[in-house]
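Here's the structure we're looking at; comments come further down.
For clarity, every value in this text was computed on a predicted model and none was experimentally measured.
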Amino acid sequence: GLKTISNEMIVATDRSLHAVFRSGSSLRPYSARKTNSPVGCPAYRSMVVAQGSMFFWGGDGFYVYGNNTAINISDRKLGEIYRDMNESLTPYIVGDYYDGRLFWAVPFDDSDYLDRIVVYDLKTKGWDLFWRDFQVIDLQTIVSQTNGKKHLLYNQVAGENYSLQYFDYD
């Protein structure tokens with residue numbers, strides 16, 4: 001996976017994060033280095049850039065990357081959730097950012113889909129969980145033009161078709 005934060009492009013593998021940056025040399029204009037992150041990102045679509053940092057699923061929890069390292073931001077409440085995740089689907093975790101909150105669709109229990117939404121509030125540093133039987137394949141946060149309410153828009157599997165759905169989160 002690839003994401004840009006500040007003046008670096010972060011290249012994620014399943015086990016590590018690497019930073020690509022301008023070197024200042026005309027002979028070799030870019031350089032790369034392995035970061036000090038203790039984890040990689042096995043779910044590339046979970047990578048979300050917000051407020052100058054990158055947030056992502058690191059295989060054993062959610063992490064924030066900044067200043068050349070990654071720190072686990074998962075708490076005990078969330079730890080109970082990801083211990084019950086369907087591990088075969090965790091590479092498909094998908095995330096989005098809007099209005100100070102990070103949203104991730106995750107697979108729970110023996111689900112065949114990303115069926116739960118976890119939300120991390122950057123201001124309070126707290127987690128919310130939406131227990132609903134989703135079938136998410138993509139996420140996007142939108143604000144309704146008619147009433148100003150915030151909605152999480154998601155692409156859902158419906159049999160052999162896909163449909164756009166939303167739910168209010170504010």
Side-chain angles (χ1 to χ4, degrees), residues 1-24 29-85 87 89-108 114-130 134 136-143 149-155 166-170:
L2 298 172
K3 287 291 179 183
T4 302
I5 55 174
S6 300
N7 57 354
E8 296 181 325
M9 179 173 60
I10 304 303
V11 180
T13 70
D14 287 355
R15 296 187 178 132
S16 61
L17 300 179
H18 303 264
V20 177
F21 54 93
R22 285 193 162 296
S23 67
Y30 293 94
S31 291
R33 65 172 158 66
K34 185 176 178 186
T35 70
N36 292 328
S37 174
V39 296
C41 179
Y44 304 135
R45 294 186 331 144
S46 74
M47 297 166 61
V48 179
V49 174
Q51 299 180 356
S53 296
M54 182 181 76
F55 299 81
F56 63 98
W57 172 253
D60 64 349
F62 288 98
Y63 286 78
V64 57
Y65 171 83
N67 298 322
N68 199 41
T69 193
I71 298 168
N72 192 320
I73 59 171
S74 302
D75 65 10
R76 180 177 293 164
K77 178 166 108 176
L78 189 63
E80 295 169 8
I81 303 306
Y82 65 73
R83 276 193 295 277
D84 292 330
M85 283 187 192
E87 286 190 38
L89 292 180
T90 57
Y92 303 103
I93 292 172
V94 59
D96 194 19
Y97 167 77
Y98 183 76
D99 196 28
R101 294 181 180 125
L102 296 153
F103 299 85
W104 284 285
V106 299
F108 190 69
L114 304 177
D115 62 340
R116 302 290 188 251
I117 306 290
V118 295
V119 182
Y120 184 68
D121 188 309
L122 291 171
K123 184 176 180 181
T124 66
K125 309 263 188 271
W127 291 92
D128 287 318
L129 310 170
F130 289 95
F134 297 102
V136 176
I137 57 173
D138 204 1
L139 285 177
Q140 181 181 0
T141 312
I142 61 169
V143 176
K149 289 189 85 162
K150 295 172 189 152
H151 307 289
L152 186 66
L153 178 71
Y154 60 97
N155 203 347
Y166 73 87
F167 73 96
D168 296 339
Y169 74 85
D170 200 31

Handout entry: CG-CD1 distance between L122 and I73, expressed to the nearest 0.5 angstrom
Key = 7.5 Å
Practice task
For Y120, check ring pair (Phe, Tyr, Trp, His ring centres under 6.0 Å) against everything at least two apart and list the hits.
Solution key: W127
Practice task
Output every pair passing salt bridge (charged side-chain N to carboxylate O under 4.0 Å, His left out) with a member in residues 47-56, not counting sequence neighbours, ordered by first then second residue.
Solution key: none
Practice task
Check whether any side-chain heavy atom of W104 sits under 4.5 Å from a side-chain heavy atom of F62, and report yes or no.
Solution key: yes
Completion exercise
Across all chains, not counting sequence neighbours, the salt bridge (Lys or Arg N to Asp or Glu O under 4.0 Å) partners of R33 are E8
Handout entry: I71: side-chain contact (heavy atoms from CB on, under 4.5 Å) partners, not counting sequence neighbours
Key = V64
Completion exercise
A12 and C41 have their tightest heavy-atom pair at CB-CB, 3.8 Å
Problem - Beyond-backbone contact of Y63 with L17, side-chain heavy atoms, under 4.5 angstrom - result: no
Handout entry: D14: side chain to side chain donor-acceptor pair (under 3.5 Å) partners, not counting sequence neighbours
Key = Y44
Completion exercise
Sorted by chain and residue number, the ring pair (Phe, Tyr, Trp, His ring centres under 6.0 Å) partners of F55 (sequence neighbours excluded) come out as none
Practice task
Please round to the nearest 0.5 Å and tell me the distance separating atom NZ of K3 and atom CZ of F56.
Solution key: 13.0 Å
Fill in the blank from the handout: The side-chain contact (heavy atoms from CB on, under 4.5 Å) partners of S31 (sequence neighbours excluded) come to F21, S23
Exercise for the section: Using atom types as modelled and distance alone, determine if a side-chain donor or acceptor of T35 lies under 3.5 Å from a backbone N or O of T69. Expected result: no
Fill in the blank from the handout: Heavy atoms of P107 and I93 approach each other most closely as CD-CG1, 3.9 Å
Handout entry: Nearest heavy-atom neighbours spanning S37 and A70
Key = OG-CB, 3.3 Å
Exercise for the section: Mind checking side chain to side chain donor-acceptor pair (under 3.5 Å) for N36 and listing every partner two or more places apart, or none if nothing turns up? Expected result: none
Exercise for the section: Using the side-chain contact (heavy atoms from CB on, under 4.5 Å) rule, pick out the option among T4, I5, V49 that qualifies with I10. Expected result: I5
Handout entry: Side chains of M47 and Y65 in contact at under 4.5 Å (non-hydrogen atoms)
Key = no
Problem - Backbone of W57 reached by a side-chain donor or acceptor of S46 within 3.5 Å - result: yes
Exercise for the section: Could you please spell out the steps behind the side chain to side chain contact (heavy atoms under 4.5 Å, CB included) verdict for L2 and V20? Expected result: CA-CA 10 Å; L2 298 172; V20 177; over 6 Å; no
Handout entry: All side chain to side chain donor-acceptor pair (under 3.5 Å) counterparts of S16, not counting sequence neighbours
Key = T13, H18
